[in-house]
Each structure stands twice: as C-alpha cells, then as structure tokens.
Colleague: 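Could you have a look at this structure, given as structure tokens, before my questions?
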Amino acid sequence: MKNIVILVFVICSGILTQAQTKPNKNAKHEFHVSGNCEMCKKRIEKAALNVSGVKMADWHLDCGTLYLILNENKTHVDSVRVNVARVGHDTDKIKAAIEAYEKLHSCCKYTRKEE
C-alpha cells in the first residue's frame, strides 16, 4: 500500500511539473498586419522592434504577415500589436485609431475592413 501511494505521488508530481510552462526566450509568433508598400514595411517593423524584448521582426508585403521572434520574459505579442496599431496599421486583433491611420502617407492607406 505504501508503495502505491509513493508511486501515485511521483506520477502526479511529474504531470504537474510538465504542466507548468516557462516563458520562451525565443518565441516565434506571426499575425496579419494591413499595409501596402515598402514604406509600410519599414514602419511596421520599426514599431515592432521598438517593443523591448522583440529580437526580430519581418513583415511580408505579399501576404501581410508579420513574423516575430521575442523574449516572452520581457514582452507579450499583444504589446507588439498595440505598438503597430499606434503607427496606423490594423492588426488581426487591434484596429488602429482613425487619427493614426489618417497620418499615413497616401500610398500607405490600405483598405480598412469594417467590423
């Protein structure tokens, strides 16, 4: 009986240890960001890289996807979304303020989706 209790305790502690996930220092994320041109690319990537903990930001014009590598101990992907929206670009979850969108150069004004 004592051996069974010890065995159950060891199994449960192993499961609980695996369930606790640690933040990743090189976490990869990707999400959609609206934009039109190379000026947008520079602005989006700069906004993402200005978030402390972002190690790499690469926005693809052809598909509108922003690829990130970030340190989850220092930041969260939603912080990047907020910063990108601040410079006038809609993301998959956060829409830019109309004032920020209006400040974009005429070639950068993408078609906004209505919600």
Side-chain angles (χ1 to χ4, degrees):
M1 181 68 177
K2 185 177 181 180
N3 290 339
I4 293 173
V5 171
I6 292 172
L7 180 63
V8 169
F9 176 74
V10 170
I11 290 172
C12 289
S13 64
I15 291 171
L16 290 174
T17 302
Q18 288 182 348
Q20 297 176 355
T21 58
K22 295 179 182 176
N24 191 346
K25 290 187 178 182
N26 290 313
K28 295 179 181 180
H29 295 275
E30 60 184 71
F31 57 89
H32 184 267
V33 179
S34 298
N36 287 334
C37 62
E38 289 296 318
M39 284 180 18
C40 294
K41 178 178 174 63
K42 288 179 186 177
R43 187 181 309 105
I44 291 165
E45 290 175 356
K46 183 178 178 182
L49 289 168
N50 281 337
V51 177
S52 179
V54 175
K55 296 181 177 182
M56 189 274 305
D58 186 23
W59 183 73
H60 290 233
L61 176 61
D62 57 341
C63 61
T65 302
L66 177 61
Y67 296 92
L68 298 171
I69 296 177
L70 56 87
N71 183 339
E72 291 180 333
N73 290 324
K74 294 183 178 181
T75 192
H76 189 269
V77 69
D78 285 341
S79 299
V80 177
R81 285 184 175 102
V82 168
N83 220 39
V84 169
R86 261 189 211 132
V87 297
H89 294 275
D90 294 345
T91 70
D92 59 341
K93 293 185 178 178
I94 299 175
K95 195 168 181 175
I98 190 70
E99 297 82 16
Y101 175 78
E102 290 299 327
K103 289 181 183 177
L104 294 176
H105 189 270
S106 60
C107 73
C108 297
K109 291 189 177 176
Y110 51 89
T111 305
R112 298 187 88 181
K113 295 178 183 174
E114 297 297 324
E115 291 183 26

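Being a predicted model, the structure only gives us computed values, none of them experimental.
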Colleague: Mind listing the closest non-hydrogen atom pair of L68 and A57 along with its distance?
Modeller: CD2-CB, 3.8 Å

Colleague: Could you give the distance from OG1 (T91) to CG (N83), rounded to the nearest 0.5 Å?
Modeller: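 Rounded to the nearest 0.5 Å, the OG1-CG separation comes out at 11.5 Å.
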
Colleague: Hey, what do you get for CG (D78) to NZ (K93), rounding to the nearest 0.5 Å?
Modeller: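 D78 atom CG to K93 atom NZ measures 5.5 Å (nearest 0.5 Å).
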
Colleague: Is it true that V33 and L104 fall in one hydrophobic cluster, defined by side-chain heavy atoms closer than 4.5 Å?
Modeller: no

Colleague: Rounded to the nearest 0.5 Å, what's the gap from NZ on K113 to NE2 on H32? Could you check?
Modeller: 5.5 Å

Colleague: Any luck finding a side-chain donor-acceptor pair between D90 and Y110 under 3.5 Å?
Modeller: yes

Colleague: Count the heavy atoms of every other residue, nucleotide or ligand shown that sit under 6.0 Å from NZ of K55, and state whether that count exceeds 12.
Modeller: yes

Colleague: Ignoring hydrogens and geometry beyond distance, is a side-chain donor-acceptor pair present between H29 and E72 at under 3.5 Å?
Modeller: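 The answer is yes; a qualifying pair exists.
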
Colleague: Looking at every heavy atom in both K41 and W59, which two are closest together, and how far apart are they?
Modeller: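 Shortest heavy-atom contact: NZ-O, 2.8 Å.
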
Colleague: Within the 4.5 Å heavy-atom criterion, are I44 and V87 side-chain neighbours or not?
Modeller: no

Colleague: My understanding is that only one of C108, S34, C107 makes a side-chain contact (heavy atoms from CB on, under 4.5 Å) with C40; could you say which?
Modeller: C108

Colleague: Provide the closest heavy-atom pair for V84 versus A48 in the form atom of the first, atom of the second, distance.
Modeller: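 Shortest heavy-atom contact: CG2-N, 4.4 Å.
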
